[in-house]
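To start, the structure under review is shown below, and the notes come after it.
Note that the structure is a prediction, hence the values are computed from the model and not measured. The first residue of the sequence shown is numbered 1, and numbering continues consecutively from there. Values below: every heavy atom of this structure, side chains too, minus hydrogens, waters and symmetry copies.
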Amino acid sequence: QVQLVESGGGLVQAGGSLTLSCVVSGRTFSNYVMGWFRQAPGKEREFVATISWNGGSRLYADSAKGRFTISRDNAKSTVYLQMDNLKPEDTAVYYCARGNTAIVVSSVRAMAYWGKGTLVTVSS
């Protein structure tokens, strides 16, 4: 059974930074794409960033480019999302997800396993 547990969310002022972490247990972590998605109140879940099995490829939503960095440590079965220059519109529940392929994808439907999410609130 695959389990994903996010941490690192919280309240931060606009312009601040946060780093989210996601620890994955279960099947071999290093074989699969990992990603971060988010869902704001009243909105659909949306893609933020994904990283390939070895970290060699990364894909970002336009809203995340230049401000967010996704990384992974396969030895620790952990994926990270470094978020800088946060804006109020980044406020959302952030979800960690694992796909069933090794390559980067951006579709919510392409991800097979999900964490329960961690709340990020950015005040203006």
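Heavy atoms only, all atoms of each residue included: T78 and V23 are closest at OG1-CG2, 3.7 Å. Looking at every heavy atom in both residues, V120 comes nearest to G9 through CG2-CA, 4.1 Å. Residue P88 comes nearest to S124 through the heavy atom pair CG-CB, 3.8 Å, listed as atom of the first residue, atom of the second, then distance. Of all the heavy atoms in V104 and S57, the pair that sits closest is CG1-O, 3.3 Å. For the pair R67 and N85, the tightest heavy-atom approach, listed with the atom from each and the gap, is NH1-O, 3.0 Å.
In this structure, R98 forms no cation-pi arrangement with Y113, as its terminal cationic atom is not both closer than 6.0 Å to the ring centre and no more than 45° off the ring axis.
Taking CG of L81 as the start and OG of S71 as the end, the distance is 8.5 Å to the nearest 0.5 Å. With values rounded to the nearest 0.5 angstrom, C96 atom SG is found 11.5 Å from Y80 atom OH. With rounding to the nearest 0.5 angstrom, the CH2 atom of W36 is 12.5 Å from the OH atom of Y60. Rounding to the nearest 0.5 Å gives a distance of 9.5 Å between CG of D84 and CG of L18. One finds the CD atom of E6 at 5.0 Å from the SG atom of C22 (value rounded to the nearest 0.5 Å). Separating the CD atom in Q13 from the CG atom in L11 is a distance of 8.0 Å, to the nearest 0.5 Å.
If you chain together hydrophobic residues whose side chains sit under 4.5 Å apart, V79 and V2 fall into the same group. Note on V48 and M111: separate hydrophobic clusters, where clusters join Ile, Leu, Val, Met, Phe, Trp and Tyr whose side-chain heavy atoms are under 4.5 Å apart, directly or indirectly. F68 and Y95 are not part of a single hydrophobic cluster, where members link through side-chain heavy atoms under 4.5 Å apart. Linking Ile, Leu, Val, Met, Phe, Trp and Tyr whenever their side-chain heavy atoms come within less than 4.5 Å leaves L4 and W114 in two separate clusters. Hydrophobic clustering, with ILVMFWY side chains joined whenever heavy atoms are under 4.5 angstrom apart, groups M34 together with L20.
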Practice problem: Begin from the C-alpha positions of E46 and R38 and carry the test salt bridge (charged side-chain N to carboxylate O under 4.0 Å, His left out) through to its verdict. | Solution: CA-CA 5 Å; E46 65 177 10; R38 68 186 183 185; 2.7 Å; yes
Self-check item: From CA spacing to verdict: side-chain contact (heavy atoms from CB on, under 4.5 Å), F47, F37
Solution: CA-CA 5 Å; F47 163 72; F37 295 74; 3.8 Å; yes
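The residues K87 and D90 are annotated as not salt-bridged, no charged nitrogen and carboxylate oxygen being separated by less than 4.0 angstrom.
Looking at T50, its side chain does come within 3.5 Å of a backbone N or O of V105 through a donor-acceptor pair.
Side-chain polar atoms of Q82 and T19 form a donor-acceptor pair below 3.5 angstrom. For S52 and N54, the side-chain atoms include at least one donor-acceptor pair closer than 3.5 Å.
A heavy-atom distance below 4.5 Å is not found between the side chains of N31 and W53.
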